[in-house]
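Read the structure below first, then the notes.
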Amino acid sequence: MKLSKIRQSHYLLPDNMTKKSFLDTLGQEFVVKQVENTFEKMAILDSFEWALYEHRILAVRHDNQRISLWFDEEDILDPDEAHTIEDINARTQFWWQLAESPERDILKKLLDLRAMYPVYEGLLRTEQFNLMDNDGKILVFCQLITISRPENSRKAVFRMARLIPITGYKAQSKQASELIKSLGGFMPKLNPIDSLLSALGVTPKPFNIKPRLDLDPQMSSREAASVIISIMIDKQRQTEPGIIKDIDTEFLHHYRVALRMVRAAVAQLKEVFPPQDVIELKQRFGALASETNHLRDLDVFILDKERYMALLPPSLRDGLLPMFNDFEQSRTAEVRRIARWLASRAYKQEITELEDRFKNGYSALETHWSEQPIINLAVTKIQKRYKKIQKAAAKITHDTPDQDIHDIRIDCKKLRYLLYFFGNLFNKKQVKIAGRHLKALQDHLGIFNDLSVQAEFLENYLDEIEHKSKKDIMLIASLGGLISSLHTMQLQERERCIDALAVFSNKENQRLFKQTFVLEQGSKKEKGGRK
Amino acid sequence: MKVIASYSIKGGVGKTAASVNLAYASARAGNETLLIDLDPQGASSFYFRIGPGKKQKKGFFFNQKNRLLKNIRGSNYKRLDILPANLSFRNFDIMLSSMSKSKKRLKEMLALLEDEYDLVILDCPPNINLLSENVFNAADLILVPVIPTTLSERTYEQLVRFFDNNSYKKKKLRPFFSMAQSNNKLHRQTIKEMESRHPNFMKTIIEFSLEIERMGVHRDPVLAYANKKSAAQAYRKLFNEVVSSLK
Ligand SMILES: Nc1ncnc2c1ncn2[C@@H]1O[C@H](COP(=O)(O)OP(=O)(O)OP(=O)(O)O)[C@@H](O)[C@H]1O
Ligand SMILES: [Mg+2]
């Protein structure tokens, strides 16, 4: 039956319960027949962001051979309900390494560029029993699931019994549940995934690169800036182990995003620090960022390999392969260099020194702005930045040099960071709308910029080969083709940027920014958003 | 939801054997399946090790959905449920005749299960009565096991005439050869003749087989205990043919 399916129930069992007592107890009322008994190595997989956990999905790798996914938390570890992905090995980490399947599509959405890796490794025993009457009619299905640590398979760290009732045998499943309770079984208070992880001693720490700031509008501006910078340095540091182990490219990306926000806070809120400190901080954080530039460029190129190939006619595609091989090799070397750098004493000393400076209130002479409420600074900065973009947008024509559009892009980015930092100080609904408009514009500006960066990168690469040897005609032809398609795409994107800019700076958006980012936020809230 | 019936005027021709194995094949193919044991002898229920349902007050069977669902039992297999034979079925005929629209009551009752099942299989008792007429109305397809003998041939033709005389849709009738013996000359001949006279015969032939005969000992579908044997393959083939006929 579809609808009237009776819900299964699970019970946590004491880890000292013996299988004999389990069988004897159930045997009091049922003929118990074991139909399944598997014992295998298992690893619970998730990403650094705990994307699967956040979506209440459990992924388990068995014997490094297949992955089981449970999309309904109630079913976790039930072999009959698992969605399996076969043909994997211990090194399978990314969705694109899996064979095509609906499961892969789901993982693609959840993981994107992230790797999934073991967050717990142990041994899994799955036993299934039929609880029957004397005629051999099954009355209740029963599963016993046991997880132990790899080094001690005898001692269970997690033990769960699941009863799956059968239509028309409600009384018997109740009877079975009473027997399980008499063994010390109890229904966990947490939901199934949490009760599993907590028994295993695993604490999920979902990572999100976006800061969740909730500053007090009256906090002094310098303190607020220090809080923001501290939070972002902390996020930056959380990504370091993943970069060193080269788990996926998102670690470095997020390292750079965090660092960029730190630098944005220093540069954009410069009035709260003494001027010579600003120069010093900019220089020091900038130095950290530039160390990672080359690796990030390589990552972006390699990730986009398929897309580049698709831009060329098939006959020219193979011509690009030597270049990508080159990139892969440079990347390997560069990853090693960055890992050494991050692990070096010099780096650690530098970053902890910077960290410490912001941790417990930045100590330096007061400035004109440092002690004023942060809300004042936020309003001034956001209004100024929006007006600047609006003015620049008004001047844009079809003859405007590309450089001016790049400059607007930078201003938009600055505005974006201001919204990250201070969004919560204002009417959340309106900030969200403003943020959406900004995002729409930034998407086009971003593509425009990427295309020009990529074309430039390839041109440099081309120059380099031409100095070395002209033998590789195919590669040169391919690169030529690629660069020219990038230019064409860039021209098209430029038009889209101009259109988006016009929207972003229209009367309606001007009003939105004027009314949203204001000082008297408190009174506005009370009036329930009335204008 | 589709409804198929396993029906014949004649007894002991393999109706129950077909019902049980097709139901199992259907569940294995991923369909939520309900086997309704309409025969008071309860042979289908017996094969699935399910005792007769509680004795019901007269008139119960056609009452509301909840009470109907309450009598359904899950089998030992996923997605396969049984509505066991009920002793009150003995009085089924009497009961039906006392009701209005009595030839469509079964169809109405099955409509209540529309959301619950993909396929319903009716294992019918052997005779022509009011219950059978309910079956003719309710089923999308009526499988009729025919042993390839002259006598069986005559009973099948009797059924066809009944359909003609009472304007039931003959298109629903899909006979198949049951307990056929390929080494029996008479069987072979009958099969040939009947196939040419009745093009609606299913292609699949269920041969006489010891594996099927032993179902009573195993109390399980042949497909469950002799999955690889030719008898099991034949039922699977018959199921696939049923599925494509239902489209
Ligand atoms: N193909 C076959 N080969 C051998 N024995 C068979 C075959 N089909 C059915 N039988 C056996 O023949 C007997 C009658 O079969 P079955 O119960 O399926 O017929 P039925 O038409 O349902 O009978 P009834 O009219 O009594 O309900 C059973 O013992 C069954 O095991
Ligand atoms: Mg029968």
Side-chain angles (χ1 to χ4, degrees), chain A residues 1-9 26 29-36 68 70-72 74-84 101-103 126-143 162-177, chain B residues 1 20 23-24 26-28 30-37 42 44-54 56 64-86 110 112-120 215-221 224-225:
Chain A
M1 244 185 279
K2 291 176 193 168
L3 294 176
S4 9
K5 217 174 225 162
I6 320 163
R7 279 316 242 176
Q8 46 171 292
S9 48
L26 290 171
E29 301 287 347
F30 299 100
V31 176
V32 182
K33 184 175 164 202
Q34 178 150 8
V35 285
E36 187 75 63
S68 295
W70 288 273
F71 299 118
D72 184 342
E74 291 296 317
D75 294 333
I76 56 166
L77 302 172
D78 179 347
D80 295 335
E81 299 296 329
H83 293 249
T84 39
S101 66
E103 287 78 20
T126 309
E127 294 166 277
Q128 303 205 55
F129 306 91
N130 291 340
L131 309 186
M132 306 183 297
D133 64 13
N134 290 325
D135 268 352
K137 174 68 188 72
I138 306 173
L139 307 168
V140 190
F141 293 111
C142 174
Q143 297 176 349
R162 171 184 277 125
L163 294 177
I164 304 165
I166 295 175
T167 310
Y169 299 95
K170 217 173 179 174
Q172 287 82 349
S173 97
K174 202 156 170 216
Q175 208 170 24
S177 105
Chain B
M1 186 183 84
V20 163
Y24 180 89
S26 164
R28 282 306 293 256
N31 304 301
E32 287 290 339
T33 307
L34 177 67
L35 172 58
I36 300 185
D37 191 353
S44 279
S45 316
F46 170 82
Y47 284 129
F48 284 107
R49 308 172 190 225
I50 294 170
K54 280 192 217 100
Q56 299 297 342
Q64 347 125 355
K65 185 174 177 179
N66 279 354
R67 294 230 236 141
L68 174 63
L69 294 183
K70 237 187 180 157
N71 276 273
I72 293 176
R73 297 279 175 273
S75 71
N76 281 6
Y77 306 101
K78 290 240 156 100
R79 291 183 295 273
L80 177 49
D81 290 349
I82 318 291
L83 184 56
N86 190 295
L110 292 180
L112 298 173
L113 300 172
E114 180 71 45
D115 295 334
E116 303 289 349
Y117 295 100
D118 303 311
L119 187 70
V120 173
M215 262 176 62
V217 182
H218 287 279
R219 294 185 74 181
D220 257 330
Y225 63 82

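Every chain is numbered from 1 and lettered A, B, ... according to where its sequence line falls, protein lines coming before strand lines. Treat the numbers as computed from the prediction; the structure is a model and nothing was measured.
The pair Asp135(A)-Arg219(B) meets the salt-bridge criterion, since a charged nitrogen lies less than 4.0 angstrom from a carboxylate oxygen.
Side-chain N or O atoms of Asn130(A) include none that pairs as donor or acceptor with a backbone N or O of Asn76(B) at under 3.5 Å.
Applying the 6.0 Å contact sphere to CZ of Arg28(B) captures no more than 12 heavy atoms from other residues, nucleotides or ligands.
In plain terms, the two heavy atoms of Arg49(B) and Lys137(A) that are nearest each other are O-CB, 3.3 Å. Of all heavy-atom pairs between Ile50(B) and Tyr169(A), the closest is CG1-OH, 3.8 Å.
For Asp220(B), no part lies under 4.5 angstrom from a heavy atom of chain A. Heavy atoms of Tyr77(B) lying under 4.5 Å from chain A are absent altogether. Contacts between Asp81(B) and chain A at a heavy-atom distance below 4.5 Å involve the side chain alone, from C-beta outward. Contact annotation for Thr33(B): neither backbone nor side-chain heavy atoms come within less than 4.5 Å of a heavy atom of chain A.
Arg73(B) is not listed as a side-chain neighbour of Thr167(A), based on a closest heavy-atom distance of 4.5 Å or more.
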